[in-house]
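To start, the structure under review is shown below, and the notes come after it.
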Amino acid sequence: MTGQTSLFPPEPAPDPLLCWLWLSQVLGPASLHAGKVLDAFGGAQEAWEARETEEFRQAAGDAAFKRAAQLDAESCHTLVMQCDALRVRILPFDDPDYPLAFSRIPDMPLVLYCTGDPRWLNEPGAVGIVGSRKPTEYGLNAAADIGGELAKNGAIIVSGLADGLDSAGHRAAVKNDCPTIAVMGVPIDRTYPAANAALRQKIEHKGCVISEYPPCGEGVGPNGFLQRNRLIAALSSAVLVVEAREKSGTMSTVAHAERYGKPVYAVPGSIYSPNSAGTNGLLRDGRARAVAGAADLLAALGLHTRQAAPAAAKQPAPLSDTERRVLACIGPKPVGIEELCVSTGLSMSALLGTLMKLELTGRVYKQPGQRYVLR
């Protein structure tokens with residue numbers, strides 16, 4: 001019966017969504033191997049098909065290679081049903097609403113879980129507002145005033161839904177009926193702290209809540225919040241530290257922002273206040289620029305002060321596949337037309353037309369010499 005096994009077709013790959021969920025579980029959260037796997041195989045189905053190869057082991061690492069043999073993609077059906085029951089949107093890496101900003105970091109989450117409207121994740125002008133969980137009245141007032149003015153003038157406030165200044169940033173946007181994005185360090189079906197459940201509902205009404213941790217999962221622990229901080233930094237065009245101690249979780253967000261090339265701003269505080277030792281230190285060491293009001297940030301974000309705030313924020317139009325392709329090739333450093341033609345594979349006329357649309361919607365900024373940067 002020589003060659004009989006060739007009569008059987010190869011095992012078909014599972015549904016793409018199941019493959020993304022499988023790969024996300026295999027690599028685990030904040031894996032530095034995520035980018036390597038995508039570079040090697042291009043997508044989750046291709047990685048699943050190569051899961052027993054040496055090439056997969058080299059890209060994913062030994063620990064993930066062992067998990068890949070133990071985990072079955074089809075078993076992720078249960079997770080899909082749980083998300084459907086909880087009205088949680090699953091955003092795999094290839095979903096149109098997956099944040100383009102995350103695709104530019106090596107430790108990107110391959111799957112996000114979202115409640116609310118995920119279309120805000122790709123809007124320009126996102127500002128991370130972070131700081132102490134036990135702020136002073138000065139810090140709370142600064143977050144409310146600056147955050148409110150930023151939100152009213154088109155910025156999208158990004159923070160972690162934690163006690164203190166994270167919540168103050170979200171509330172500043174909610175109070176002005178503007179969108180805001182909460183990035184959580186716990187499973188998507190939980191709210192931490194629980195006292196912020198009502199605030200979360202308001203965020204979901206005009207914005208969204210995301211997590212890289214699926215519902216009905218085990219407790220994540222302190223690492224979840226530290227890993228969450230990298231996503232706040234990556235999603236934000238700039239990070240504003242309102243008030244922070246010298247050694248605090250806020251400084252990990254700053255470190256991630258520096259790693260990703262994002263500008264950092266800080267609100268100066270009293271030299272006698274321990275709560276301002278961290279922010280003052282950032283300014284002293286040249287790691288942050290001083291902010292005394294929203295106007296200091298609006299110009300850097302390409303936004304302008306509005307005479308009157310709109311009654312309601314306009315829903316963003318979805319990005320086309322071509323626009324997403326072009327945006328994925330533009331970063332914080334200026335890039336020229338010829339380089340974009342090569343990296344996007346578009347013709348010159350198609351590229352110029354797409355860039356014109358992205359300029360009009362405020363997603364990119366054209367510098368002299370037809371060089372483009374992200375807003």
Leu71, Val37: one ILVMFWY side-chain cluster at the under-4.5 Å cut-off? yes

Distance, nearest 0.5 Å, that separates CG of Asn196 from NE2 of His170: 8.0 Å

Sub-3.5 Å donor-acceptor pair from the side chain of Ser167 to the main-chain atoms of Ala162, do we have one? yes

Is Leu100 reachable from Leu358 through a run of I, L, V, M, F, W or Y residues, each pair having side-chain heavy atoms under 4.5 Å apart? yes

Atom pair CG (Leu231) and CE (Met108), whose distance is rounded to the nearest 0.5 Å: 11.0 Å

CE of Met348 to CD1 of Ile337, rounded to nearest 0.5 Å, is 6.0 Å

Check for a donor-acceptor pair, side chain of Ser273 on one end and backbone N or O of Ser270 on the other, with a separation under 3.5 Å. no

Quick one: pull up CG in Leu282 and CE in Met251 and give me the separation to the nearest 0.5 Å. 4.5 Å

To the closest 0.5 Å, what do you measure between CG (Leu165) and CZ (Arg133)? 11.0 Å

Show the numbers, then the answer: is there a side chain to side chain contact (heavy atoms under 4.5 Å, CB included) between Trp120 and Ile156? CA-CA 8 Å; Trp120 295 108; Ile156 297 177; 3.8 Å; yes

Validate the cation-pi geometry between Arg119 and Tyr98: distance from NZ or CZ to the six-membered ring centre under 6.0 Å, angle to the ring axis within 45°. no

Looking just at side-chain N and O atoms, do Glu204 and Thr115 make a donor-acceptor pair shorter than 3.5 Å? yes

In terms of ring plane angle, is the pair Trp48 and Trp22 parallel, tilted or perpendicular, where the classes change at 30° and 60°? perpendicular

Going from CG on Leu110 to SG on Cys19, what distance comes out if it is rounded to the nearest 0.5 angstrom? 12.0 Å

Any donor-acceptor N or O pair under 3.5 Å, side chains Glu243, Thr279: no

Heavy-atom count around Glu74 CD within 6.0 Å, excluding the residue itself: above 12? yes

Does the side chain of Ser236 reach to within under 4.5 Å of the side chain of Val127, using non-hydrogen atoms? no

Which atom names give the shortest non-hydrogen contact between Ala290 and Asp296, and what distance separates them? O-OD2, 4.3 Å

Tell me yes or no: between the side chains of Thr191 and Arg200, is some donor less than 3.5 Å from an acceptor? yes

Under 3.5 Å, is there a donor on one side chain and an acceptor on the other for Ser31 and Asp107? no

Lys/Arg N to Asp/Glu carboxylate O, Glu46 vs Arg51, below 4.0 Å: no

Co-membership, hydrophobic cluster, residues Tyr138 and Tyr265, 4.5 Å side-chain: yes

Using side chain to side chain donor-acceptor pair (under 3.5 Å), reason through Thr136 and Asn275 one step at a time and then give a plain yes or no. CA-CA 8 Å; Thr136 64; Asn275 267 35; 5.2 Å; no

Taking the side chain from Asn176 and the backbone from Cys178, do they hold a donor-acceptor pair closer than 3.5 Å? no

Can you check whether Ile330's main-chain N or O pairs, donor with acceptor, with Arg104's side chain at less than 3.5 Å? yes

Arg89: salt bridge (charged side-chain N to carboxylate O under 4.0 Å, His left out) partners, not counting sequence neighbours: Asp95, Asp97

Is a side-chain donor or acceptor of Thr354 paired with a backbone partner of Ala350 at a separation under 3.5 angstrom? yes

So, does Arg230 use its side chain to make a donor-acceptor pair with the main chain of Gln227 at under 3.5 Å? yes

Is Gln58 reaching over with its side chain to a backbone N or O of Glu55, donor-acceptor style, under 3.5 angstrom? no

Would you call Ile181 and Leu121 a side-chain contact if the rule is heavy atoms closer than 4.5 Å? yes

Are Val26 and Leu32 connected in the hydrophobic side-chain network, where two residues link if heavy atoms are under 4.5 Å apart? no

Answer yes when Glu258 and Arg287 have at least one side-chain N-carboxylate O distance shorter than 4.0 Å, and no when they do not. yes

Are the ring centres of Phe93 and Phe102 closer than 6.0 Å? no

Does a donor on one side chain sit under 3.5 Å from an acceptor on the other, for Gln45 and Glu49? no

